[in-house]
Asker: 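Got a structure here, written out as structure tokens. Questions coming.
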Amino acid sequence: MVKILYFAGLREAVGTAREDITLEAGVADIAALRRQLAARGEPWAALTRGRSLRAALNQQMVGDAAALKDGDEVAFFPPVTGG
Amino acid sequence: MVKILYFAGLREAVGTAREDITLEAGVADIAALRRQLAARGEPWAALTRGRSLRAALNQQMVGDAAALKDGDEVAFFPPVTGG
Amino acid sequence: MDAAVSVRSESFDLGVEMAALTAGRSDVGAVASFVGLVRQLGEGQPLLSMTLEHYPGMTEAALAEIVVEAGARWPLLAVRVIHRHGTLAPGDPIVLVLVAAAHRGEAFAACEFIMDYLKTRAPFWKKEATAAGGRWVDARDSDDSAAARWS
Amino acid sequence: MDAAVSVRSESFDLGVEMAALTAGRSDVGAVASFVGLVRQLGEGQPLLSMTLEHYPGMTEAALAEIVVEAGARWPLLAVRVIHRHGTLAPGDPIVLVLVAAAHRGEAFAACEFIMDYLKTRAPFWKKEATAAGGRWVDARDSDDSAAARWS
């Protein structure tokens, strides 16, 4: 089980702030998780389109190669615009 | 008549904050005024020693070539240390 | 280095924070600060409000990390960062960064560094509301280049 | 640009000045500020007090000129400079510079520019008093080089 969080415009698009999912066989990094979710079609397909949606793993910004394990918290969101 | 002001350490050294003096014949710029005052000996001699004592003419920082005329206000002082 | 970050909906007072940062100490020669405010839009429909969403937990950690990084680069005495979330009106303050140091050079540099990094690393998102509806603010390339000059 | 400079013996409150600078306007997105304070000496006799002498008339004119120069270099909305004179104690604030602009880059740059120019062009002199007596503070070469980088 991995906890997925969505923020800002992506949260509104997917219609939820949080879901718990089971990683499919072979899904071992952020890139693979993006593909697993994108396979649902729109709006999740945006996760593999371009490079704009960022990822955080256990509350640290990470790249697509970051390895996943059971119990992780993964967040997807647009580029930040604070300050 | 030219009004001369002294500030900070120079004011303490000469023992006055202000004096009115008559420019000697041929004293037409700041450099010449420094020489006229320095001719009194110490502590005024510091005005022609090294480059540390600055000058302002009518409340504007100026170099030694600035021309003087009757009624001017000239200030001499050490480098500023505000802020 | 005395460092504190907070993420909250309540506003802040620059004078109060400044006084708290320097209270009882006489080793501080310089305090540089920055306040970011909700600005009215230059064109189009007037801005009615701005809502800031954030990632609780990660936000605080990201801000604390940015401050630690600033403290590793410059000899700082005290740092305070406050970032608001929730719905704000034009003119309202959004973010405060206060940096106390012995000398002004490091206080200015660290304050600007913290703001530049905060803009690209702290998980906040702004949504503008006008009579035409809501719109998420796009990230600016200039913020990425501002942050990049420190690396 | 809304600009005001003052030279006075009374203290100031950063929060009050910030509020006055931005009151009733919503075009300000960024306020950068600087406060310089009397710092305890690092070595030797402890500092009892610091006395600031200035050149009345020229001081105000020099500060106003520095602010005008900043306004010519960056698109600023409002600037406030307060410099104190007289006798101050360790921990007391000496100088305040507040700069309001639409964006942070110009607010930071102008605030730092004003401080750097003020340090080399405004006619103020500091005298430190310790148990050993009074001593005029020497100008620092680093202030000249800080000012030089803007030219």
Side-chain angles (χ1 to χ4, degrees), chain A residues 1-21 29-31 33-34 37-38 42-83, chain C residues 5 7 34-39 50-66 81-86 88 93-97 111-128 133-147:
Chain A
M1 211 70 129
V2 167
K3 186 208 286 190
I4 315 280
L5 302 175
Y6 303 100
F7 288 97
L10 180 62
R11 171 181 57 72
E12 290 181 340
V14 303
T16 186
R18 173 188 171 156
E19 62 175 315
D20 294 314
I21 68 161
D29 60 19
I30 296 284
L33 175 59
R34 284 179 188 265
L37 292 163
E42 296 298 337
W44 292 271
L47 287 168
T48 54
R49 208 159 44 220
R51 305 183 152 272
S52 80
L53 292 173
R54 310 296 162 92
L57 172 61
N58 299 323
Q59 307 195 350
Q60 291 279 339
M61 297 265 197
V62 292
D64 278 358
L68 291 177
K69 62 178 190 311
D70 212 48
D72 278 342
E73 174 178 305
V74 178
F76 291 111
F77 44 77
V80 306
T81 56
Chain C
V5 305
V7 180
F34 179 82
V35 174
L37 303 102
V38 180
R39 198 164 63 93
M50 167 85 83
T51 299
L52 279 132
E53 178 170 332
H54 76 118
Y55 184 170
M58 178 170 165
T59 319
E60 291 82 352
L63 294 178
E65 200 176 286
I66 291 164
V81 177
I82 301 175
H83 201 302
R84 298 175 70 190
H85 62 79
L88 307 175
I94 303 171
V95 60
L96 165 78
V97 177
C111 190
E112 194 162 11
F113 169 89
I114 290 170
M115 273 308 302
D116 285 348
Y117 266 50
L118 184 158
K119 282 269 181 186
T120 56
R121 287 215 217 150
F124 286 99
W125 300 272
K126 286 173 178 162
K127 190 177 191 176
E128 296 169 348
R135 195 186 74 84
W136 289 97
V137 174
D138 286 330
R140 297 195 310 169
D141 290 341
S142 62
D143 286 331
D144 282 332
S145 34

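The model shown is predicted, which means the values in this text are computed figures rather than measured ones.
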Asker: Is any side-chain heavy atom of L37(A) closer than 4.5 Å to a side-chain heavy atom of I21(A)?
Answerer: yes

Asker: Apply the side-chain contact (heavy atoms from CB on, under 4.5 Å) test between I4(A) and each candidate in T16(A), D20(A), L33(A), V14(A); give the one that qualifies.
Answerer: L33(A)

Asker: Among residues 138-146 of chain C, which ones touch chain A with a heavy-atom distance under 4.5 Å?
Answerer: D138(C), A139(C)

Asker: Go through the atoms of E12(A) and report whether side chain, backbone, both or neither lie under 4.5 Å from a heavy atom of chain C.
Answerer: side chain

Asker: Examine whether an atom of H85(C) lies under 4.5 Å from a heavy atom of chain A, and if so say whether it belongs to the side chain, the backbone or both; otherwise answer neither.
Answerer: neither

Asker: Contact between E53(C) and W136(C) at the side-chain level, heavy atoms closer than 4.5 Å - yes or no?
Answerer: yes

Asker: Which bit of R121(C) comes within less than 4.5 Å of chain A, counting heavy atoms only: side chain, backbone, both or neither?
Answerer: backbone

Asker: Which atoms of K119(C) come close to chain A, meaning under 4.5 Å heavy atom to heavy atom: side chain ones, backbone ones, both, or neither?
Answerer: both

Asker: Please classify the contact of A8(A) with chain C as side chain, backbone, both or neither, using a heavy-atom distance under 4.5 Å.
Answerer: both

Asker: To check you understand the geometry: which heavy-atom pair defines the closest contact between V7(C) and E60(C), and what is its length?
Answerer: CB-OE2, 3.8 Å

Asker: Taking side chain as C-beta onward, heavy atoms only, is K126(C) less than 4.5 Å from I94(C)?
Answerer: yes

Asker: Quick check on A122(C) against chain A: is it the side chain, the backbone, both or neither that has a heavy atom closer than 4.5 Å?
Answerer: backbone

Asker: Given R11(A) and F77(A), is the side chain to side chain contact (heavy atoms under 4.5 Å, CB included) satisfied, shown in steps?
Answerer: CA-CA 8 Å; R11(A) 171 181 57 72; F77(A) 44 77; over 6 Å; no

Asker: Please find the pair of heavy atoms, one from K69(A) and one from V2(A), that lie closest to each other, and give the distance.
Answerer: O-CG2, 3.9 Å

Asker: How long is the straight-line distance from CZ of F34(C) back to CD of E112(C), given to the nearest 0.5 Å?
Answerer: 9.0 Å

Asker: To check you understand the geometry: which heavy-atom pair defines the closest contact between A56(A) and M58(C), and what is its length?
Answerer: CB-SD, 3.7 Å

